[in-house]
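See below for the structure under consideration.
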Amino acid sequence: MSDTPKNTLREAALYYHEYPKPGKLEVRATKPLANGRDLSRAYSPGVAEACIDIKADPANASRFTARGNLVAVVSNGSAVLGLGNIGALASKPVMEGKAVLFKKFANIDCFDIEVDESDPEKLADIVCALGPTFGAINLEDIKAPDCFIVEKLCRERMNIPVFHDDQHGTAIVVGAAATNALRVAGKTFEDIKIVSTGGGAAGIACLNMLLKLGVKRENVWLCDIEGLVYKGRTKDMTPQKEEYAQGTEPRSLDEVIDGADMFLGLSGPGVLKPEMVAKMAKQPIIFALANPTPEIMPELVREVAPDAIMATGRSDFPNQVNNVLCFPFIFRGALDVGATEINDAMQLACIDGIAELARATTSAEAAAAYKGEQLTFGPEYLIPKPFDPRLVGVVSAAVARAAMESGVATRPIPDIDAYVQKLNQSVFKSALLMKPVFEAALVAKRRIVFAEGENEQVLRAAQAILEETTETPILIGRPDVMAARAERFGLKIRPDADFEVVNPENDPRYRDYWGTYHEIMQRRGVTPDLAKAIMRTNTTAIGAVMVHRGEADSLICGTFGEYRWHLNYVNQVLGDHEHAPHGALSLMILEDGPLFLADTHVWSLPSPEQLAIIAQGAARHARRFGVEPRIAFCSQSQFGNQAEGSGKRLREAIAMLDAVDTDFEYEGEMNVDAALDESIRAQLLPENRLTGSANVLIFGHADAASAVRNILKTKSDALPVGPILMGMGNRAHIVTPSTTARGLLNMAAIAGTPVAHYG
């Protein structure tokens, strides 16, 4: 196969699996192995110490090995979704994919284990024998009724969670979707009639879960390829189906569906006909979950029941019932408390968490991942989207709490709120680093004005500010536009009711605003007419005037347009002898810690004096994040080996810092690799005064600083915060158009910290 992507889905999928290396997984070391000392600790003789402690207390395996965060995805390939019994080897891409989802959504490590064994009891023996390796077992794609036998035997014999996701994962997500569908329809579990097709593992598990949620067994009608499951039927029966037998006579799906409130399909394409839907109750709930072709297509349902509430197993229709909403997070919670099983209480807690999250305000991250989709709770949004980053915090914590309350947790979590914070930090990379900034912001109630109030990310940030801080957002924009967009984005906030509004088209303060702007600018070529025009059209200038007049404490702008354009108006209105922009500090949150870069936006070619001031400001701001600054001045020149160019300006800046009292480490000029690698620096200048890796890089050219920022942002997992506009007394910050709602929330916290907290 060629090394270029193909056009068809098949070719693209095969290319994805083959390049740049075959498969979707690899194993990476989590500890250094760079020298003999590392080797002696990783293997012989040091490894013996961990072995001895685990022998003395098996619980120590979770302390000294990866077992506590390691799940086995086990299958014999006998019932692979949409493919049937394809065997263990052919199922490997699916199991690798499942392992990738565990890692992506819950940071759980996985080994996929494909077992060539069709006897369920022998398969159970093999899985149980693997127990010492894993913290939990995820059984996958094992045909019914064998899957029931394997899970039962493993759960009885193993003291770790064993979870057949095809059964319980599907049941949990169906339970969450049904909970919210009934809420939308104004019905209750106790009163509804359910007709289900498919008596396999998933179908039976879903019905069992619906009973636990309150559905009455006598109101459940189970059909399969032979028609109604009834008492006395002998063909294609199992003990699990027998539990749902209704009546004593054979009947068809068409005959039993009359008046049904809910159809649950886990069978095959085209099973449910439009004329059957027409017989169902008003506002029927139809979960047609067969993949890839559902029991009935949504457009056919709409023709006969426009008010129907519909879910499928497909991503191209609303309300995809997707197990990824469940299994990563239920395992995350179970592993973190050392649960011995995943019991009913934990599964019900998972349902509640998923359902509640769908009813909450939609996250900005989910909205960005599903651009153009309506993510507002209702008939077409019953369950969250898989890329909603709040799932891990909400659902995993609910599961962990339920495990502790039901007595199956061997390592109870003493502080569940701290646990939720830790989970959120795993998906919101800025959370831990921003914590001291948010805590400092909580001591003061500051008013933050956003210049681009109609922007989606600003509206989402305003919602988050009201939920997570004590700050008061002020949004500049047209109230009717902001209200319509907030509703469309699924936000609860509304203009004037939840945040203050400045309407450029009609605001009673307009006369005061243009008068103030004219007073500031009258001797810089601005006439009254021009001042009036600017105060009608330039929201950055309006926000700056508000801060100048004391009607807001800080301005945030820049979600569209060029940075220096905004900076011009900010400096016009707010710049004075005490406040002048002296640099933009960009924070990049990397996997191994924070890295600050300056000046990324303000000065194209900063002078030595400006570079010295930038360094002092960067040191102050780094400490706001709890980071002790280690500053490297970066250049093509290396410790004086080039007489001219940026190295000369950096050397002069360092001399200026040497002449004043400073309380932070700094060194230069040097290449970036020397700044980040102490050993390289030691070879070049053994007596250098910087310890460890630099965490603040100051460049002699904005081009270089900006290039490094953008490379890190686009070619790594680095998360940007800022840029922070230094020198303006925290009265204004200018973001970039690529900023996210989370980025704006972070900037609001930075802006919400009074200058006295700068340190």
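Sequential numbering from 1 along the given sequence is applied to the chain's residues.
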Exercise for the section: Flag yes if more than 12 heavy atoms outside I225 fall under 6.0 Å of its CD1 atom; otherwise flag no. Expected result: no
Problem - P495 and R478, any side-chain heavy atoms less than 4.5 Å apart - result: no
Problem - Backbone N/O of A400 and side chain of D336: donor-acceptor pair under 3.5 Å - result: no
Exercise for the section: Taking only Lys NZ, Arg NE, NH1 and NH2, and the carboxylate oxygens of Asp or Glu, determine whether K216 and E190 approach each other closer than 4.0 Å. Expected result: no
Problem - Side-chain donor/acceptor of N138 to backbone N/O of A72, under 3.5 Å - result: no
Problem - Partners meeting side-chain contact (heavy atoms from CB on, under 4.5 Å) with E226 (sequence neighbours left out) - result: D224, R233, K235, D236
Problem - Pairing residues for K492 by the salt bridge (Lys or Arg N to Asp or Glu O under 4.0 Å) criterion, not counting sequence neighbours - result: none
Handout entry: Residues in ring pair (Phe, Tyr, Trp, His ring centres under 6.0 Å) contact with F331, at least two apart in sequence or another chain
Key = F102, F163
Exercise for the section: Return the minimal non-hydrogen interatomic distance between K187 and A281, and the atom names on each side. Expected result: NZ-CB, 4.1 Å
Handout entry: Over-ring placement of R251 relative to Y230, 6.0 Å and 45° cut-offs
Key = no
Exercise for the section: Please list, chain by chain and in numerical order, all residues satisfying side-chain contact (heavy atoms from CB on, under 4.5 Å) with S396, sequence neighbours excluded. Expected result: F329, R332, V392, Y419, L423
Handout entry: Point-to-point distance, once rounded to the nearest 0.5 Å, from OG of S406 to CZ of R401
Key = 12.5 Å
Handout entry: For I330, the option from I354, V395, I172 that meets side-chain contact (heavy atoms from CB on, under 4.5 Å)
Key = I172
Handout entry: Validation row: D261, I194 side chains within 4.5 angstrom (heavy atoms)
Key = no
Exercise for the section: With rounding to the nearest 0.5 Å, note down the distance linking OG in S91 to CG in L83. Expected result: 10.0 Å
Practice task
Give the intermediate values and the outcome of side chain to side chain contact (heavy atoms under 4.5 Å, CB included) for residues N455 and F560.
Solution key: CA-CA 9 Å; N455 177 277; F560 68 82; 5.8 Å; no
Practice task
State, with a plain yes or no, whether a side-chain heavy atom of L300 is found less than 4.5 Å away from one of V277.
Solution key: no
Practice task
Please report the closest heavy-atom contact between L357 and P384, naming both atoms and the distance.
Solution key: CB-CG, 4.0 Å
Practice task
Indicate whether any N or O donor in one side chain lies under 3.5 Å from an N or O acceptor in the other, for S75 and D141.
Solution key: no
Problem - Cationic N near anionic O, under 4.0 Å, K98 to E140 - result: yes
Practice task
Please indicate whether K103 has more than 12 foreign heavy atoms, meaning atoms of other residues, nucleotides or ligands, lying under 6.0 Å from its NZ.
Solution key: yes
Handout entry: D165-N323 side chain donor-acceptor pair, cut-off 3.5 Å
Key = yes
Exercise for the section: Go through the structure and list residues passing salt bridge (Lys or Arg N to Asp or Glu O under 4.0 Å) with D112, not counting sequence neighbours. Expected result: K92
Problem - Which residues share a salt bridge (Lys or Arg N to Asp or Glu O under 4.0 Å) with K152, sequence neighbours left out - result: E156
Completion exercise
Interatomic distance, CG@N322 vs CG@L325, rounded to 0.5 Å, equals 5.5 Å
Practice task
Would you indicate whether the side-chain heavy atoms of L182 and I285 approach each other to under 4.5 Å?
Solution key: yes
Exercise for the section: Walk me through it: do M276 and F263 pass the test side chain to side chain contact (heavy atoms under 4.5 Å, CB included)? Expected result: CA-CA 10 Å; M276 298 179 188; F263 170 81; over 6 Å; no
Practice task
Would you name the heavy atoms of Y381 and A358 that are closest together and state the gap between them?
Solution key: CE2-O, 3.6 Å
Counting only pairs under 3.5 Å, give me each side-chain donor-acceptor contact of residues 173-181, with atom names and distances, residues two or more places apart or in other chains.
| from | atom 1 | to | atom 2 | distance (Å) |
| --- | --- | --- | --- | --- |
| T179 | OG1 | G175 | O | 2.7 |
| N180 | OD1 | R359 | NH1 | 2.6 |
| N180 | ND2 | A355 | O | 3.1 |
| N180 | ND2 | L382 | O | 2.7 |

Problem - Which residues share a side-chain contact (heavy atoms from CB on, under 4.5 Å) with A245, sequence neighbours left out - result: V229, K231, E242
Practice task
Take M280 and M262, measure what side chain to side chain contact (heavy atoms under 4.5 Å, CB included) needs, and give me the verdict at the end.
Solution key: CA-CA 8 Å; M280 295 179 69; M262 179 177 178; 5.7 Å; no
Handout entry: Min side-chain heavy-atom separation R485-L459 under 4.5 Å
Key = yes
Handout entry: Nearest-0.5 Å distance, CD of residue E500 to CD1 of residue I476
Key = 10.0 Å
Exercise for the section: Would you kindly say whether K212 and N208 are connected by a side-chain donor-acceptor distance under 3.5 Å? Expected result: no
Handout entry: Heavy-atom neighbours of R183 CZ exceed 12 at 6.0 Å
Key = no
Fill in the blank from the handout: To the nearest 0.5 Å, atom CG of L289 lies from atom OG1 of T170 at 8.0 Å
Completion exercise
Minimal heavy-atom distance between C154 and V162, with the atoms involved, is CB-CG1, 3.9 Å
Practice task
Indicate yes or no for a side-chain donor-acceptor contact from E255 to the backbone of S252 under 3.5 Å, with no hydrogens or angles considered.
Solution key: yes
Exercise for the section: Give the intermediate values and the outcome of side chain to side chain contact (heavy atoms under 4.5 Å, CB included) for residues V195 and L264. Expected result: CA-CA 6 Å; V195 174; L264 175 62; over 6 Å; no
Handout entry: Taking every non-hydrogen atom, the tightest pair across I204 and G199
Key = CG1-O, 3.5 Å
Practice task
Kindly state each residue pair satisfying side chain to side chain donor-acceptor pair (under 3.5 Å) with at least one member in residues 270-290, sequence neighbours excluded.
Solution key: D254-K279
Problem - Steps toward side-chain hydrogen bond (donor to acceptor under 3.5 Å, both in side chains) verdict (H17, E96) - result: CA-CA 10 Å; H17 280 80; E96 279 191 359; over 6 Å; no
Exercise for the section: Could you check if a side-chain atom of F105 sits within less than 4.5 angstrom of a side-chain atom of L391, using non-hydrogen atoms only? Expected result: no
Completion exercise
Taken to the nearest 0.5 Å, the spacing of L253 CG from L222 CG works out to 10.5 Å
Exercise for the section: Answer with yes or no whether the side chains of S78 and N85 bring together a donor and an acceptor at under 3.5 Å. Expected result: no
Handout entry: Where L491 and Q463 come nearest, the two heavy atoms and their spacing
Key = CB-OE1, 3.6 Å
Fill in the blank from the handout: Sequence neighbours excluded, the answer for side-chain contact (heavy atoms from CB on, under 4.5 Å) partners of A462 is P473, L475, I493
Handout entry: Check: L101 and F327 side chains under 4.5 Å, non-hydrogen atoms
Key = yes
Practice task
Enumerate the residue pairs fulfilling side chain to side chain donor-acceptor pair (under 3.5 Å) with a member in residues 285-307, sequence neighbours excluded, ordered by first and then second residue.
Solution key: S267-E295
Completion exercise
Those residues at least two apart in sequence (or on a different chain) that pass salt bridge (Lys or Arg N to Asp or Glu O under 4.0 Å) with E341 are R155
Problem - 4.5 Å side-chain heavy-atom contact, V71 and I137 - result: no
